[in-house]
Amino acid sequence: MADLTTNVQYVKGVGEARAKSLRKLGITDLRALISFFPRAYEDRREFRRIADLVPGEYACVRAMVAGEPTLSHIRKGLDLVKLRVVDESAALELTYFNQSYLKNNLHTGEEYVFYGKAEGNLLRRQMTNPVFEREGEGRVTGRIVPVYPLTAGVSQNVLSRSIRQGLDACADELPDVLPEEVRAAHRLCHIRYAYENIHFPADDEALRVARRRLVFEELYLLTLGLRLLRARRSDSDGQKCEPVPLDPFYAALPFALTGAQARAVEDCARDMASGRAMNRLVQGDVGSGKTMVAAAAVWFAARSGLQSALMAPTEILAEQHFKTLAPLLEGLGVRCALLTASTPAKARRETLARLAEGELDLLIGTHALLSPDVAYQRLGLVVTDEQHRFGVAQRALLGGKGDNPHLLVMSATPIPRTLALMIYGDLDVSLIDELPPGRQRIDTFAVNSGYHERIYAFLRKQAAEGRQAYVVCPMVAENGELPDERKAVTAYAEKLQREVFPELTVAPIHGKMKPKEKETVMRDFSAGRIDILVSTTVVEVGVDVPNAAVMLIENAECFGLSQLHQLRGRVGRGTHKSYCILVSDNTGEDNRRRLQVMTKTNNGFEIAEEDLKLRGPGDFFGSRQHGLPSLRVADLSCDMELLQESRAAAEALIAADPALAGHPALRRRIDELFELNAGAMN
């Protein structure tokens with residue numbers, strides 16, 4: 001039996017090459033492998049006669065190969081295998097792309113089971129790339145089949161086989177961390193049964209029972225971990241600020257704060273004067289004025305002789321904060337400086353000397369603020385921008401440069417309150433749920449791809465008026481494989497430059513670029529040297545480009561509502577009328593409803609609530625690096641009842657055993673999930 005920490009490479013049947021591919025999915029050890037849960041399931045239990053296939057629907061057919069498969073080389077990089085299969089009712093034409101080996105794998109006169117999407121018409125029925133196996137094998141047909149998120153080089157079959165081998169390797173070694181009395185009281189299955197049937201469900205009921213157990217455990221561990229964090233935080237002393245009146249700060253502002261901003265400022269001042277370390281999340285829509293709340297906290301800290309550090313995810317954002325905050329704060333006697341990787345050596349030495357001597361009150365920068373040579377005389381406040389771009393270890397590093405400094409986190413991702421309490425359960429939350437007066441509405445349109453010519457004409461007209469545009473294209477999976485984002489974005493940018501906008505400057509930007517390359521492209525776009533920026537969602541959180549007036553999002557059905565809203569927030573930052581165009585050919589009712597929400601409201605919190613109802617919390621938890629364990633199976637839009645049940649059970653256990661001393665296995669699992677032992681969350 002294998003240990004759950006065993007490197008995935010040493011799991012029987014995986015090996016070095018496959019382990020390398022699995023690492024791209026974050027699968028490094030046996031636990032990660034068996035905890036890589038399906039994102040959906042396909043019901044492959046329905047068998048139909050070929051004559052009864054309905055175009056557009058998926059089904060299994062039992063059929064015999066009627067003639068020798070043919071292999072054609074269409075062009076370099078494209079081979080086709082074609083064959084005809086029959087049953088007693090009709091014939092079906094099959095086409096396989098770039099799988100030339102199948103010519104010798106499917107034999108005339110032999111019977112197979114095929115599963116795929118029916119195409120064509122009543123006279124000529126077709127399937128493209130159906131999965132197949134011999135009758136009776138039951139590996140990929142005749143049962144409920146899991147569908148996993150993929151990456152290049154990892155197919156559904158490879159993943160499924162690896163997980164099967166992983167489960168076999170630790171068959172009876174899976175520790176059940178739930179206390180037996182909790183499992184019994186809430187009618188939950190054993191962990192072994194849950195893992196087996198979440199990956200290889202025997203039937204619908206087995207899948208339901210397995211999922212219920214795993215959702216309960218996930219929410220139970222999350223609640224326990226958050227309670228332990230809060231208990232630790234409430235015990236930790238912070239640097240106490242003098243409770244000075246905020247009027248001088250308000251008087252220096254060129255505008256009045258909204259009620260929501262003022263409430264957030266007062267929350268921060270109260271926390272910082274309490275004698276306990278502040279851990280606060282200021283959460284507000286794009287343009288709601290979170291930066292002013294941070295400015296007030298920095299000023300408040302400086303009045304008590306404390307220094308502040310503001311860390312942004314990119315150099316451009318750090319510079320943007322410096323340009324916004326320095327003029328205001330310097331006028332109030334707060335001494336500011338900027339430190340990034342681009343700061344010249346001499347200027348850097350001078351800045352660090354001033355910081356160590358206490359001659360600087362606020363240092364704004366990127367990860368450069370974490371460098372070992374950055375020393376503060378009296379660091380009292382750490383502000384991080386866009387929480388999910390920083391891992392907990394980085395927050396801990398910055399916090400470690402002071403004596404338990406106050407922490408203020410700014411996030412522009414509107415999240416429904418229920419979810420905010422789950423995700424940011426270790427932080428107190430201030431919501432800025434109103435926009436400053438005068439903030440303009442972005443007109444949003446949802447259209448199909450038939451509108452492309454008109455859209456391009458509109459972009460041309462905007463460019464002629466001196467405006468710029470973003471074009472966002474998602475990574476659309478083909479045949480279950482995700483394409484290379486670099487190629488997809490670059491190819492689309494080249495097509496637009498060559499065929500559509502030869503007179504304009506079009507440039508691509510994507511996540512595979514080096515940070516410096518991305519910075520350069522964003523600088524050029526900011527400076528107006530690029531007219532149209534073609535991007536993946538890398539622009540979702542980013543720099544202010546007041547001149548960008550159009551956000552065009554291709555295949556909008558591939559994004560969650562909250563993500564669409566974040567992308568839309570990239571425009572409308574200047575004085576120009578701004579537009580968001582959502583292109584989608586998906587005619588499904590759900591998609592129509594989602595896109596309608598976008599055209600009707602610009603309120604991020606309303607959109608987040610709607611997203612939660614329609615899609616579940618995948619978007620919010622996706623790739624966040626907030627240090628809390630992400631939800632792998634729970635869906636807070638559907639599992640609210642189970643959430644209440646698991647929370648009640650967790651609260652009861654904490655009340656009886658506050659440090660979980662009597663439940664060492666449970667405590668160890670929570671420590672692993674939360675990195676509690678590293679003290680990273682303070």
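Between Met522 and Leu533, the shortest heavy-atom contact is SD-CD2, 3.7 Å. The heavy-atom pair separating Gln468 from Val545 by the smallest distance is OE1-CG1, 3.9 Å. Taking both residues in full, the closest heavy atoms of Lys401 and Val374 are given as NZ-O, 2.9 Å, listed atom of the first, atom of the second, then distance. Closest non-hydrogen pair, Val583 versus Leu552, comes out as CG2-CD1, 3.6 Å. Smallest separation of non-hydrogen atoms from Arg467 and Ala549: CD-CB, 3.8 Å. Pairing each heavy atom of Pro508 with each of Val489, the nearest pair is CB-CG1, 3.7 Å.
When atom types are taken as modelled, the side chain of Arg573 and the backbone of Gly569 share a donor-acceptor pair closer than 3.5 angstrom. Asn547 places a side-chain N or O within 3.5 Å of a backbone atom of Gly466 that can act as its donor or acceptor partner. A distance-only check finds no donor-acceptor pair linking the side chain of Asn555 to the backbone of Cys473 [under 3.5 Å]. Of the possible polar contacts, none joining the Glu557 side chain to the Ser584 backbone as a donor-acceptor pair under 3.5 Å is found. Remark: side-chain polar atoms of Ser35 are paired, donor with acceptor, to backbone N or O of Arg31 under 3.5 angstrom. Between the side chain of Lys495 and the backbone N or O of Thr490, no donor-acceptor pair lies under 3.5 Å.
Residue Leu407 holds its CG atom at 9.5 Å from CG of Leu281, rounded to the nearest 0.5 Å. Here the CG atom belonging to Leu325 is positioned 6.5 Å from the CG atom belonging to Leu310, to the nearest 0.5 angstrom. Note that CG of Leu80 is 4.0 Å distant from CD1 of Ile74, once rounded to the nearest 0.5 Å. Rounding to the nearest 0.5 Å places CG of Asp524 at 9.5 Å from OG1 of Thr505. The CZ atom of Arg441 lies 8.0 Å from the NZ atom of Lys577; values are rounded to the nearest 0.5 Å. One finds the CZ atom of Arg529 at 9.5 Å from the OG1 atom of Thr520 (value rounded to the nearest 0.5 Å).
In terms of the side-chain hydrogen bond (donor to acceptor under 3.5 Å, both in side chains) criterion, residue partners of Thr601 (sequence neighbours excluded) are, by chain and number, Glu606. Legend: residues meeting salt bridge (charged side-chain N to carboxylate O under 4.0 Å, His left out) with Lys461, ordered by chain and number and at least two apart, are Glu465. Every residue was checked against the side-chain hydrogen bond (donor to acceptor under 3.5 Å, both in side chains) condition with Tyr58, not counting sequence neighbours, and none meets it. Every residue two or more places apart in sequence or in another chain was checked for a salt bridge (charged side-chain N to carboxylate O under 4.0 Å, His left out) with Lys323, and none qualifies. Among residues two or more places apart in sequence or in another chain, the salt bridge (charged side-chain N to carboxylate O under 4.0 Å, His left out) test is passed with Glu589 by Arg592. In this structure Ser100 satisfies the side chain to side chain contact (heavy atoms under 4.5 Å, CB included) test together with Leu71, Asp79, sequence neighbours excluded. Scanning for salt bridge (charged side-chain N to carboxylate O under 4.0 Å, His left out) contacts around Asp585 gives an empty result, with sequence neighbours left out. For the side chain to side chain contact (heavy atoms under 4.5 Å, CB included) test, residues two or more places apart in sequence or in another chain that qualify with Glu42 are Arg44, Tyr115, Val147. Ser578 is linked by a side-chain hydrogen bond (donor to acceptor under 3.5 Å, both in side chains) to nothing, counting only residues two or more places apart in sequence or in another chain. For the side chain to side chain contact (heavy atoms under 4.5 Å, CB included) test, residues two or more places apart in sequence or in another chain that qualify with Ala318 are Ala312, Leu338, Thr340, Ile364, Thr366. A search for side chain to side chain contact (heavy atoms under 4.5 Å, CB included) contacts involving Ala341 returns Glu315, not counting sequence neighbours. Looking at residues two or more places apart in sequence or on another chain, you find no side-chain hydrogen bond (donor to acceptor under 3.5 Å, both in side chains) involving Asn98.
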Open item on the list: Between Gln320 and Leu317, is the side-chain contact (heavy atoms from CB on, under 4.5 Å) condition met? List the steps.
Closed with: CA-CA 5 Å; Gln320 200 168 282; Leu317 267 174; 3.8 Å; yes

- [ ] Start with the C-alpha gap between Tyr579 and Val571, add the side-chain angles, then the distance that decides, and say whether side-chain contact (heavy atoms from CB on, under 4.5 Å) holds.
- [x] CA-CA 8 Å; Tyr579 308 87; Val571 297; over 6 Å; no

Task: Test log, rule side-chain contact (heavy atoms from CB on, under 4.5 Å), inputs Met551 and Thr444 - done: CA-CA 9 Å; Met551 169 59 74; Thr444 304; over 6 Å; no

Task: Residue pair Lys20, Glu16: steps toward the salt bridge (Lys or Arg N to Asp or Glu O under 4.0 Å) verdict - done: CA-CA 6 Å; Lys20 195 174 172 188; Glu16 194 174 342; over 6 Å; no

Open item on the list: Working note: Leu159 + Ile27, criterion side-chain contact (heavy atoms from CB on, under 4.5 Å); need CA distance, chi angles, decisive distance, verdict.
Closed with: CA-CA 11 Å; Leu159 206 45; Ile27 299 172; 4.2 Å; yes

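Heavy-atom neighbours of Lys516 NZ from other residues, nucleotides or ligands within 6.0 Å: above the threshold of 12. In the displayed structure, Tyr41 atom OH is contacted under 6.0 Å by more than 12 heavy atoms of other residues, nucleotides or ligands.
Side chains of Leu595 and Leu564 form a contact here, defined as non-hydrogen atoms less than 4.5 Å apart. Using a 4.5 Å heavy-atom cutoff, the side chains of Val500 and Val506 are not in contact. For the pair Lys518/Thr314, no side-chain contact is recorded, criterion being any heavy-atom separation below 4.5 Å from C-beta on. Using a 4.5 Å cut-off on side-chain heavy atoms (C-beta onward), Val81 and Tyr101 make no contact. Val140 is not listed as a side-chain neighbour of Gln156, based on a closest heavy-atom distance of 4.5 Å or more. Looking at Tyr470 and Ser535, their side chains never come closer than 4.5 Å, going by heavy atoms from C-beta outward. Side chains of Arg523 and Glu519 form a contact here, defined as non-hydrogen atoms less than 4.5 Å apart. Considering only heavy atoms from C-beta on, Met311 comes within 4.5 Å of Leu370 through its side chain.
Taking the centre of each ring, Tyr451 and Phe445 stay at or above the 6.0 Å mark.
Using bins of under 30°, 30° to 60° and over 60° for the plane-to-plane angle, the ring pair Phe36/Tyr148 lands in the parallel bin.
A side-chain donor from one of Glu554 and His452 sits under 3.5 Å from a side-chain acceptor of the other.
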